[in-house]
Amino acid sequence: MDIDLKGRTALVTGSTQGIGHAIATGLAAAGARAVINGRGEERVKDAVERLLADVPGADVLGVAADVTSEEGTAALVAKLPQVDVLVNNLGIFEARPVLEIGDEEWRRYFEVNVLSGVRLTRTYLPGMTERGWGRVLFVSSDSSVVIPEEMVHYGVTKTAQLAVSRGFAKAAAGTGVTVNSVIAGPTHTGGVEDLVTSVVGGDVPWDEAQARFMREYRPQSLLQRLIEPAEIANMVTYLSSELASATTGGALRVDGGYVDSILP
């Protein structure tokens with residue numbers, strides 16, 4: 001398949017590292033103008049340079065803005081008033097016993113993981129529908145379906161993303177704009193390495209720690225290894241393209257078979 005995103009502007013939130021950066025790289029490689037977003041100017045600049053090293057000649061723009069706030073979102077939109085592809089990737093997670101999670105932490109997870117994407121979708125979706133083309137994607141998680149005991153607050157916000165995505169897809173019905181969620185499985189990122197260390201222990205070699213984590217905490221995985229960020233990016237790049245024009249309102253799994261279901 002020839003995925004051609006030339007002429008499309010794609011914003012990926014939280015894209016200075018991990019899955020978000022891999023997605024921005026994949027979109028740029030397909031010809032899109034990829035917009036790197038993060039809170040700090042230096043991190044954004046560094047991420048742009050790394051992307052250009054991986055995809056020489058790519059069209060890349062860096063915009064530093066904190067999209068977890070109304071003010072930060074307004075600042076980003078002022079610099080980027082129109083996008084064709086919006087990837088709501090920004091998210092936080094941390095292992096914590098559910099009985100120790102206070103109200104303020106619940107609110108923080110909702111603000112970052114859910115409301116940031118809602119706010120941006122509400123902002124950019126009308127322009128997409130007016131132009132008759134657009135793609136909105138929420139990067140969710142297997143934790144949306146299989147709530148992890150050690151990260152209930154995270155799992156709840158990821159479940160909310162699936163509902164939000166489906167609702168926005170209905171709002172865009174018949175317009176040529178698609179809205180989908182991508183359910184990412186356990187993925188090899190810096191944050192997940194920290195999580196593995198926190199639950200397995202920091203004195204265990206990485207290969208052994210990863211194997212123990214998958215065996216003890218994610219035994220449902222059919223892949224039996226952590227997914228690489230580029231593997232998530234491949235699905236997002238496809239869904240961002242014209243080739244996925246009939247796919248909307250869905251929650252598509254790139255989870256290594258983690259979720260025990262025959263439905264996507």
Side-chain angles (χ1 to χ4, degrees), residues 10-15 17-24 26-27 37 67-68 85-95 106 108-122 124-125 135-172 178-189 191-192 195 217-218 220-221 223 226-240 244 247-264:
L11 167 63
V12 186
T13 63
S15 48
Q17 61 183 353
I19 293 174
H21 192 264
I23 290 171
L27 293 170
N37 164 250
V67 297
T68 66
V85 177
L86 170 62
V87 182
N88 294 305
N89 168 74
L90 178 65
I92 55 175
F93 62 93
E94 181 184 16
W106 277 104
R108 184 169 78 95
Y109 268 71
F110 183 82
E111 288 279 350
V112 176
N113 292 358
V114 182
L115 194 53
S116 64
V118 168
R119 190 181 295 118
L120 284 168
T121 304
R122 192 175 61 218
Y124 285 121
L125 188 61
R135 301 287 185 264
V136 177
L137 291 148
F138 288 81
V139 179
S140 186
S141 164
D142 58 77
S143 296
S144 65
V145 183
V146 185
I147 303 294
E149 180 183 355
E150 75 278 6
M151 293 194 299
V152 173
H153 53 337
Y154 172 74
V156 167
T157 60
K158 290 299 172 177
T159 305
Q161 281 186 321
L162 302 186
V164 164
S165 173
R166 179 70 182 180
F168 277 122
K170 291 181 177 181
T178 67
V179 185
N180 291 289
S181 292
V182 172
I183 297 179
T187 305
H188 187 189
T189 65
V192 170
L195 173 65
Y217 291 89
R218 300 294 186 269
Q220 303 98 315
S221 171
L223 201 60
L226 289 174
I227 298 163
E228 292 302 320
E231 294 175 301
I232 308 297
N234 290 338
M235 175 65 84
V236 174
T237 301
Y238 165 71
L239 291 172
S240 300
T247 303
T248 191
L252 293 94
R253 291 161 46 200
V254 190
D255 66 343
Y258 180 80
V259 176
D260 192 8
S261 171
I262 59 174
L263 295 176

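Here the side chain of Ser165 pairs no donor or acceptor atom with the backbone of Leu162 at under 3.5 angstrom. Thr159 contributes a side-chain N or O that, together with a main-chain N or O of Ser144, makes up a donor-acceptor pair within less than 3.5 Å. In this structure a side-chain-to-backbone donor-acceptor pair under 3.5 Å is missing from Thr187 to Thr189. Looking at Arg253, its side chain never comes within 3.5 Å of a backbone N or O of Pro264 through a donor-acceptor pair. Distance alone, capped at 3.5 Å, places no donor-acceptor pair between the Arg135 side chain and the Val236 backbone.
A side-chain contact (heavy atoms from CB on, under 4.5 Å) with Thr13 is found for exactly one of Ile23, Val87, Val139, Asn37, namely Asn37. Across Val164, Asn113, Val136, a single residue satisfies side-chain contact (heavy atoms from CB on, under 4.5 Å) together with Asn88, and that is Val136.
Remark: Phe93 engages Tyr154 in a ring-ring contact (aromatic ring centres under 6.0 Å, His included) (not counting sequence neighbours). For Tyr109, the ring-ring contact (aromatic ring centres under 6.0 Å, His included) partners at least two apart in sequence or on another chain are His153. Applying the side-chain contact (heavy atoms from CB on, under 4.5 Å) criterion to Val254, with sequence neighbours excluded, gives Val182, Ile232, Met235. Take Phe168 and apply the ring-ring contact (aromatic ring centres under 6.0 Å, His included) test, not counting sequence neighbours, and it matches no residue. Scanning for salt bridge (charged side-chain N to carboxylate O under 4.0 Å, His left out) contacts around Asp142 gives an empty result, with sequence neighbours left out. Not counting sequence neighbours, the partners of Glu94 by the side-chain hydrogen bond (donor to acceptor under 3.5 Å, both in side chains) test are Arg96.
Note that CZ of Arg166 is 14.0 Å distant from CZ of Phe138, once rounded to the nearest 0.5 Å. Going from atom NE2 of His21 over to atom CG of Asn89 covers 11.5 Å, rounded to the nearest 0.5 Å. Gln161 CD to Leu137 CG: the interatomic distance, rounded to the nearest 0.5 Å, is 11.0 Å. The CD1 atom of Ile92 sits 8.0 Å away from atom OG1 of Thr157, with the distance rounded to the nearest 0.5 Å. We find the CG-CZ distance between Asp255 and Arg218 to be 12.0 Å, quoted to the nearest 0.5 Å. Note: Thr68 OG1 to Leu115 CG = 9.5 Å, rounded to the nearest 0.5 Å.
Nearest approach of Leu195 to Ala95, heavy atoms of both residues: CD1-CB, 3.6 Å. Pairing each heavy atom of Ser116 with each of Leu90, the nearest pair is OG-CD2, 4.2 Å. In terms of heavy atoms, Ala160 sits closest to Val114 at CB-CG2, 4.0 Å. Across Ala169 and Thr248, no two heavy atoms sit closer than the pair CB-OG1, 3.9 Å. Here the closest non-hydrogen pair linking Gly20 and Ser15 is O-CB, 3.5 Å. Closest of all the heavy-atom pairs between Ile147 and Val152 is CG2-CA, 4.0 Å.
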Audit row: Phe110, Val156, side-chain contact (heavy atoms from CB on, under 4.5 Å) steps and yes/no: CA-CA 9 Å; Phe110 183 82; Val156 167; over 6 Å; no
